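Following: one structure in C-alpha cells, then a few remarks.
Along the sequence shown, residues carry numbers from 1. Keep in mind that what you see is a predicted model, and the values were worked out from it rather than measured. Remember, it's 1-based here, ligands and their atoms both numbered in the order they're listed.
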Amino acid sequence: MDAREMKIKAAAAALAHVEDGMRLGIGTGSTAEEFVRLLAERVAGGLSVIGVPTSERTARLCVELGVPLMSLDELPELDLTIDGADEVDGRLRLIKGGGGALLREKIVAGASSRMIVIADESKVVETLGAFKLPIEVNPFGMVATRIAIERTASRLGLSGAIELRQAGAGHFMTDGGHLILDASFGRIPDAEALATALNAIPGVVEHGLFINMASLAIIAGPAGARTLTADT
Ligand SMILES: O=C(CO)[C@H](O)[C@H](O)COP(=O)(O)O
C-alpha cells in the first residue's frame with residue numbers, strides 16, 4: 001500500500017463518523033483532501049452536511065467538488081472536525097502547520113465538539129519534535145519575535161534553528177497574512193510548557209502544538225487502519 005492509499009484508508013475510516021446533518025470542520029493538507037474527495041462522493045449521493053474549511057485551499061477543493069460550505073462566523077459551533085497532522089503522539093498531542101494553516105485549523109478545531117485526526121503510520125511518534133514546529137507570527141517585528149522565541153525556548157532547555165518559511169521567491173504567507181517560523185527544537189519533552197510559553201510571546205499569533213484537542217486519531221498502515229485515543 002503506498003502513501004496515498006494509506007491516506008485514503010484513514011480518510012475513509014473517518015467518514016464513518018460523519019452523520020447526516022452534521023456541521024463539519026474540514027482540515028487542510030493532502031490527507032484532509034482525500035477526506036474531502038470521499039465526502040464529496042457521499043454528498044453527491046445525498047448526504048447533507050455543511051463544511052467549514054480551515055484554509056482557502058480546502059475551500060477551493062470543496063467548492064470544486066460540490067461540498068456545501070459556510071464560514072465559521074455563519075456556523076460558529078461545529079459537531080466534528082476532521083484534519084491531518086504532521087506528528088501525533090500517544091496522548092494525541094499533535095504538531096500541525098506543515099501546510100501553513102495552523103491558525104484556522106486550531107480555531108476550527110476549538111469550535112468543534114470533537115476532532116478526529118487522520119494520518120498514516122509515519123506521523124506517529126513517541127515524543128513530538130522531529131518535525132519542525134511551525135509558529136505563526138505577525139510580520140511586524142518578526143525578528144524581535146524570533147529572538148523572544150529563542151530565549152523562551154532556551155529557558156525550557158530547547159535550542160535549534162528557527163527559519164522563516166519560504167515559498168517560491170519570497171516568504172510563505174498564511175491565509176491570515178502572517179509569516180511562519182519553523183523551529184527545529186528537536187525532541188520536545190514538555191509540550192504543554194512550550195505551548196504555554198509560546199502563547200505568552202507578543203507577536204506569536206499561534207503555534208502548531210495542538211494539545212487536548214483531538215479525541216481520536218485514525219492511523220492507517222499497510223495492514224489497515226487503527227485508532228488511537230488519548231488513553232490508549
Ligand atoms: O497541519 C496541516 C496543515 O497546516 C496538515 O494537516 C499537516 O501538514 C498534514 O498534512 P498532510 O496530510 O499533507 O501530511
Nearest protein heavy-atom contact for atom 5 (C) of ligand 1: which residue, which atom, what distance? T28 O, 3.1 Å

Salt-bridge present (E87, K123; N to O < 4.0 Å): no

Please report which non-hydrogen protein atom sits nearest to atom 11 (P) of ligand 1, along with the residue it belongs to and the distance in Å to one decimal place. S30 OG, 3.3 Å

Side chain or backbone of A85 under 4.0 Å from ligand 1, or both, or neither, by non-hydrogen atoms? backbone

Atoms in ligand 1 flagged as close to G97, the criterion being non-hydrogen separation under 4.0 Å: 1 (O), 2 (C), 4 (O)

Could you verify whether a donor N or O on one side chain and an acceptor N or O on the other, from S159 and S154, lie under 3.5 Å apart? no

Paired with K96, the side-chain hydrogen bond (donor to acceptor under 3.5 Å, both in side chains) test is passed by just one of T54, D83, D86, T28, namely D83

Do the side chains of R226 and E121 get close enough for a salt bridge, i.e. N-O under 4.0 angstrom? yes

Please check if atom CG in D190 has more than 12 non-hydrogen atoms from other residues, nucleotides or ligands closer than 6.0 Å. yes

Criterion salt bridge (charged side-chain N to carboxylate O under 4.0 Å, His left out) against D182, the qualifying member of R146, R165, K132: R165

Taking atom 10 (O) of ligand 1 as the reference point, the nearest protein heavy atom with its distance: G29 CA, 4.0 Å

What is the nearest protein non-hydrogen atom to atom 8 (O) of ligand 1, stated with its residue, atom name and distance? D86 OD1, 2.6 Å

Between E56 and R104, does any side-chain N to carboxylate O distance fall below 4.0 Å? yes

Which atoms of ligand 1 are found less than 4.0 Å from any heavy atom of G100? 4 (O)

At less than 4.0 angstrom from any non-hydrogen atom of D83, what atoms of ligand 1 do you find? 6 (O)

Of all protein heavy atoms, the one nearest atom 2 (C) of ligand 1 is E105 OE2, 3.3 Å

Nearest neighbour in protein (non-hydrogen) for atom 14 (O) of ligand 1: K123 NZ, 2.6 Å

protein heavy-atom neighbour closest to atom 12 (O) of ligand 1 works out as T31 OG1, 2.5 Å

Polar contacts were defined as any N/O atom of the residue lying under 3.5 Å from an N/O atom of the ligand; does this apply to A101 and ligand 1? yes

Would you mind checking if E33 and K7 are paired as a salt bridge, meaning a charged N to carboxylate O distance below 4.0 Å? no

Check: D120/S122 side-chain N/O donor and acceptor closer than 3.5 Å: yes

Numbering the atoms of ligand 1 from 1, which are under 4.0 Å from a heavy atom of G84? 6 (O)

